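The structure appears below as structure tokens.
Just so we're clear, the structure is a prediction, and the values are computed from it rather than from any experiment. Residue numbering restarts at 1 for every chain, and letters A, B, ... go by the order of the sequence lines.
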Amino acid sequence: TSNEPVATQQASAPAAAPAAEDGNDAPGEKVVIGFSAPAADHGWIAAISKNAAEAAKQYTDIEFKPVEPTNDINQQISAVESLIQAKVNVLVILPNDGQQLNQVARQAMDAGIPVVNVDRVFPDKLSYRAWIGGDNYGMGVAAGHHIGKTLKDKGVSNPVILEIQGIATLPLTQDRSKGFADALKTYGFKVTAQQDAKFTVESGTQVAANLLQAHKKIDAIWNHDDDQGIGVLAAIKEAGRNEFFMVGGAGSANAMRDIQADSGVLKATVTYPPTMAASAIKIARLIAQGKGMSDLLEQQVPQSITLASETITKDNAAQYLPLGFES
Amino acid sequence: MMRGIVKQFPGVRALDGVNLEVRAGEVHCLLGQNGAGKSTLIKILSGAHEPDEGEVLLDGSPVRLAPPTAAMGHGIATIYQELDLVDGLSVTENIFLGHEMATFGFSRRAEADRATAELLARLGHGEIRPRTEVGSLSPAHKQIVSMARALSHSARVIIMDEPSAALDHDEVGNLFRVIRDLTSQGVAVIYISHRLEEIREIGDRVTVLKDGRTVAVGLAAKDTPTSKIVALMTGRNVEYVFPPRPGRGAHEGRPEVLRVENLTLPGRFADVSFSIRTGEIVGLAGLVGSGRSEIIEAIYGARRAGGRVVLDGRTVRPGSTTRAVRMGMGLAPEERKAQALLLDHPVAQNITLASLSRYTRPRWLGWLDRRTEFAEAERLSQLLDIRPPDPRRPIRTLSGGNQQKAVLGRWLAEDRKLLLLDEPTRGVDVGARAELYALVRKLADDGIGVLLVSSEVPEVLGLADRVLVIREGRIVHEAPAEDLDEHRVLDLVMVSAGQRPGSDVAHPPTEGASHDRG
Amino acid sequence: MTEVDQAAPAGPRLKAAGPGGRFGRLGEVRHLGLVAALILLAIVGLVTRPENFATSSNLVSILALASTIGVITVGMTFVITGGGIDLSVGALMALASVWATTLATQSYGPVVMIVCAVLVGTGAGLLNGILIAYGRMVPFIATLAMMVAGRGLAQRMSNQRTQLVQQDNSMIVSLSTTRVLGLPLLVYVFALVVLFGWLVLNRTTFGRRTYAVGGNPEAARLAGIDVRKHTLLLYALSGLCCGIAAVLIMARTTTGSSTHGDLYELDAIAAVIIGGTLLSGGRGTIIGSILGLLIFTVITNLFILNGLNTADQLIAKGAIIVAAVLLQRRSLKTQT
Amino acid sequence: MTEVDQAAPAGPRLKAAGPGGRFGRLGEVRHLGLVAALILLAIVGLVTRPENFATSSNLVSILALASTIGVITVGMTFVITGGGIDLSVGALMALASVWATTLATQSYGPVVMIVCAVLVGTGAGLLNGILIAYGRMVPFIATLAMMVAGRGLAQRMSNQRTQLVQQDNSMIVSLSTTRVLGLPLLVYVFALVVLFGWLVLNRTTFGRRTYAVGGNPEAARLAGIDVRKHTLLLYALSGLCCGIAAVLIMARTTTGSSTHGDLYELDAIAAVIIGGTLLSGGRGTIIGSILGLLIFTVITNLFILNGLNTADQLIAKGAIIVAAVLLQRRSLKTQT
Ligand SMILES: Nc1ncnc2c1ncn2[C@@H]1O[C@H](COP(=O)(O)OP(=O)(O)OP(=O)(O)O)[C@@H](O)[C@H]1O
Ligand SMILES: Nc1ncnc2c1ncn2[C@@H]1O[C@H](COP(=O)(O)OP(=O)(O)OP(=O)(O)O)[C@@H](O)[C@H]1O
Ligand SMILES: O[C@@H]1[C@@H](O)[C@H](O)OC[C@H]1O
Ligand SMILES: [Mg+2]
Ligand SMILES: [Mg+2]
């Protein structure tokens, strides 16, 4: 949140400044990086745009060209087309929907502009040079294991487990749910009820308020996204409920602070770091300059990088807090 | 007192130097043809328009009357020609709109209702309930509410723009009683009407407008000869006369255009049966609210009713105006603004609305030949002498009477078998009336049937061949027009209409108009 | 909008029902259909989830859910009855919530935050009113522009982040957590706004003039009403309601955010229209609007209680809206 | 919606301009402001991005962006001119795109897919029309219900997933990729629909009756127009346009999805209104709507080129809309 003490805001800036001695960070030929993402209408996406812009600022050899963020596919296609027309050297795209932007990404590749795909993946591998994103299925698995294990340890049988999803029509939501269900199954548990929200605070409140009425006794809740989680927690507080524990998603700084304080029902969150946007900019720069990643033996940047989803609890919150994004 | 008033609208000089002088306690009549500028003049008096030139003096000193609140402040209240009431509000709320009885913004409803009841009683309409929603009232009752509103201002000048147009004979008597009441208290009344006999009865002095100029000031209302007044208004000698009708029994044996059998709409009218033969004009006489309009609408298919309607031998399926029109009927409805006009559209398009398919090239495609369409509209507008003679003007900018002519024109574009005319001359001036009467007669002579509703009994008697008298939704009498006179009709119409007095008002002299046919 | 209704073959016209709860019996009749629809929904709730639906906590929860948008609906009823429309309500609520939760504002404490939210809402509403009444812009476009710009400004002020209500100002949050007689305070706020709205619309000259301005602006003008000023005030009133709603949403979500109130404009307009207010102005009731809103809220509640998925929820919601309206029409018919 | 305009103190009213392009010169005058606004935006484009804005590829891109919603705007112009409103357009486009891209449909090849999209759109539009014309529902509510249910159905059919157009059916995609005389085929489709719409509205009895039905339905009915049937056809026409738009969006995105066309209803209505069509019906022009839409599209394009951030974009967009409308009013005034 923007109104937290300034100190943490600074701390959460993505990826610490590039180590000076690393050869890859030495200024190279000038590259123009085009960037397109959905409208920054919630914390995670806002962090994506900001991280990308800040990463770009760290390099004197990057000219950063963001285009109008939009939630309309039709407009995002136009935006990417305009970047192609402007002949940027490399594109970084977080599509509203990977399938729907596939064709225009492919056009870019065909026109000789490498595409770095972030988060929501293009179905066609010819449409991107590299992909970096979180592990959505893994996120569900992590949350499922945490909940499953905790309940098993408590000896709960037939637990009431609720799931509050993000935007239902996104493939990543479906991946998360699948991972969650699969992990719970290993404990012999299943999801009692599932509702989707919209990644926003208010949608979290509305859905949670109703869900709490539907279930008089709950054992655990997994909420996919920490932005909407603020609203979910507010609804829980309003209803005065505390017989269960909750696991969040994505890993906002705010959630981590709550977990650290251990004052409410939120006991853990599973990460899906928006730092991926900063990494994507770095990768795009390397690709455009024809460099590899110096820590790897390979001469070229890998085709796909999946960030691990980690489980943050009271025990390790302090350590992860600097990487949390402000919602 | 107004001097040299000029009002310009885009493309029209509606008023071009008008003088008017009104004295306390008199009924001052404004006469003029449709479009002469009467309504515009009174809109300036009521503060609705600002004059471009000229000045208004009140008690000798110049005053500014716009906006309307200023005029009201000077004691000028107005009943507008187009009923300007708010349908969604109650009678009381309409009457006190803008000068509500309120404490700290909270309405004193009981008090206002009481005041309303008093006003309505004074107008002879105690039966209108103060809390009724105005939208559910008949046009005549709305007119009463408008009057009550003007009275509520306790003004020194009350302007009435064609207040009697929506009223029948009985009601007009009531209105006159109220006017006399007002003038005896020193209130000045400016009265506009196209019915000369009313001017005779109630007026003191007359000012005549023609083409936006004053052509005569302060004529004596009672004894200036009709011919002189009409000549001043029209610039020619029109006789306010009805065209000759074919002799008694002329229609016998002719084929029936329309047969109505046992038409019934519970609560409105019952068992209405009659027929109209080709070439015949049948009049429906009755009081306001007796169900005449509803009978006409039922015949036209605009209302579903029980019974049978046969047009030219074919049964008309109820509930579809489209079919009625296709079968050859035409309707000039009662409330032209609400029921007939596309106000923002050109006169031309208003005229051709019901006959569009005549101007299509391949009919199935619906492709309009706009040139033919426009030519036809122009022809009809000339035929009816619609002014100003520019069919491209939005019809909203025409005077009330000219709008009415365009509505009639709509049904002249295509051959009709039956015309239903509901108050066709409401707001139409003397000259144009004569022309309309002649036109309707000519249409009949050409072989169509006409059903005519009018609240002016002389009109029904003068124009129709046969008259049906309606009382409370039933036909109580039927006779050739020659066999009836105004008193007889009024008697028939009012028997047992009991609760309303009004017979204590002397019947107006049936001045020349109705009987001296040419 | 012209309803085809008006053009339909006559038969006794339905005009009789009066505006407002104004005409005792008639007023009730016109809402009968809505009440019937609500009762029907309640029966469905009782049958499908007997143990959850009729509990007091669920009813409280429904009222709490309805309260933010409910307050906005009151303002919207005025605007639409007065012949206008306000698309900016959701955005204004978001803007007010963000403005009130900036660090600077929060430093002055909860009372200033509340005042700030209300002033921001009212001020933006005034701007709407100026554009429409004096700039003569079509309401749809003026408030659309305000909606777009309002969200933008909110995003800019909040730096696109969610702003938490700080611990010191938790008095605001207590509107949602403190209960009096079993009901959270915000439900009382909601009830007060409804009562106030009803009184103003039905019992004051301002309210009656609103009908006139919406039903026949020309007649209103000729009756000496300052139509422009009145229009201005209507939008300011709607803005005021958005400001109050902002306080409630801050209480409920413990945050100010530029994403608050997403699509509220559509929901509020829908509630108003389903409640019998004419989109063309001149006719409308507060009670109808609130009933309309409750129908929507109860539908959502029922769906979630029954664990329907979104897709099915949407399909059922569409069908229920149609059914409710047809039911309402039918009940009106049999009454006249 | 009653504009305050109507109630404003007299003085020369602006109403003079006739409906439709019927009367040559007047028709042009009323669009002057829109054209001026467009030119102004173009100048801004040329100044801020001289190397990008006026390129032919950028202009093509603007047209391609405008085409899907443009087709919908044509249908919307008819509906609003005829006194109604259609909130379901975005949802119907989504539904049609999903239906046409189900595996079953795709197995019959691209022609069947196109026919399917068009039929689904038209059919759903007909249903809107039936509810409104014969069920006598208020258009706002009926189409809102359709919007909600349509999205639900689309989600259900697609199982909330995005459905790719298969390789075999890439003929559909070629509408977007194949160019004739430098323009992608879908721009021609858009142009054809606009031309067709213009002809129907201005040169046929159907168009003339649309004005009558929207301007004064009672008068239209008494003049023998079958108002209900006409209303039904208007919504079917709008649905048809949604079906065509679905084909275009499939071509552009290579997918069918329940999320397509989100908030298109608002954009389309806004374009229509800014183009001078009265929300209350009876007045409207296709050209105006398309100009209105182009203004919105060019604004977006300028933002894309200049890389403004979302917040500033929104603020600027709101301001530009206000400016454009005031400009239009001013230009109208000086003409009369
Ligand atoms: N708003 C307006 N815009 C343009 N022209 C107008 C407007 N109002 C009236 N006119 C024109 O001014 C002239 C005078 O009209 P006015 O309504 O005063 O006539 P009138 O004497 O009241 O006629 P009637 O007896 O038919 O009511 C007419 O030519 C009319 O077309
Ligand atoms: N919309 C309506 N709602 C309720 N009652 C109505 C409505 N229209 C007409 N009425 C009533 O129906 C009855 C017959 O009205 P109708 O208009 O047919 O009478 P009319 O003889 O034509 O009188 P008028 O001269 O006023 O037209 C009257 O009592 C009238 O008040
Ligand atoms: O917007 C989404 C974010 O909020 C979620 O938590 O992770 C994936 C993103 O696409
Ligand atoms: Mg007049
Ligand atoms: Mg009548």
To the nearest 0.5 Å, what is the distance between CZ (Phe140(C)) and CG (Leu278(D))?
13.5 Å

Please classify the contact of Ala142(C) with chain D as side chain, backbone, both or neither, using a heavy-atom distance under 4.5 Å.
neither

Spacing of CG belonging to Leu326(C) relative to CE belonging to Met137(D), to within rounding of 0.5 Å
5.5 Å

Contact origin within Leu263(C) toward chain D - heavy atom pairs under 4.5 Å
side chain

Can you say whether Gln160(C) sits under 4.5 Å from chain D via the side chain, the backbone, both, or neither, judging by heavy atoms?
side chain

Do you know which of Asn159(D), Leu266(D), Ile269(D) has the most heavy-atom pairs under 4.5 Å to chain C?
Ile269(D)

Non-hydrogen side-chain atoms of Leu279(D) and Val138(C) separated by less than 4.5 Å:
no

Option that, when pairs with chain D are counted at under 4.5 Å, heavy atom only, ranks first among Leu87(C), Ile141(C), Leu131(C):
Ile141(C)

Where does Asn309(C) contact chain D at under 4.5 Å (heavy atoms): side chain, backbone, both or neither?
neither

Anything in residues 144-155 of chain C with a heavy-atom distance to chain D below 4.5 Å? Please list those residues in order.
Leu144(C), Ala145(C), Met147(C), Val148(C), Ala149(C), Arg151(C), Gly152(C), Leu153(C), Gln155(C)

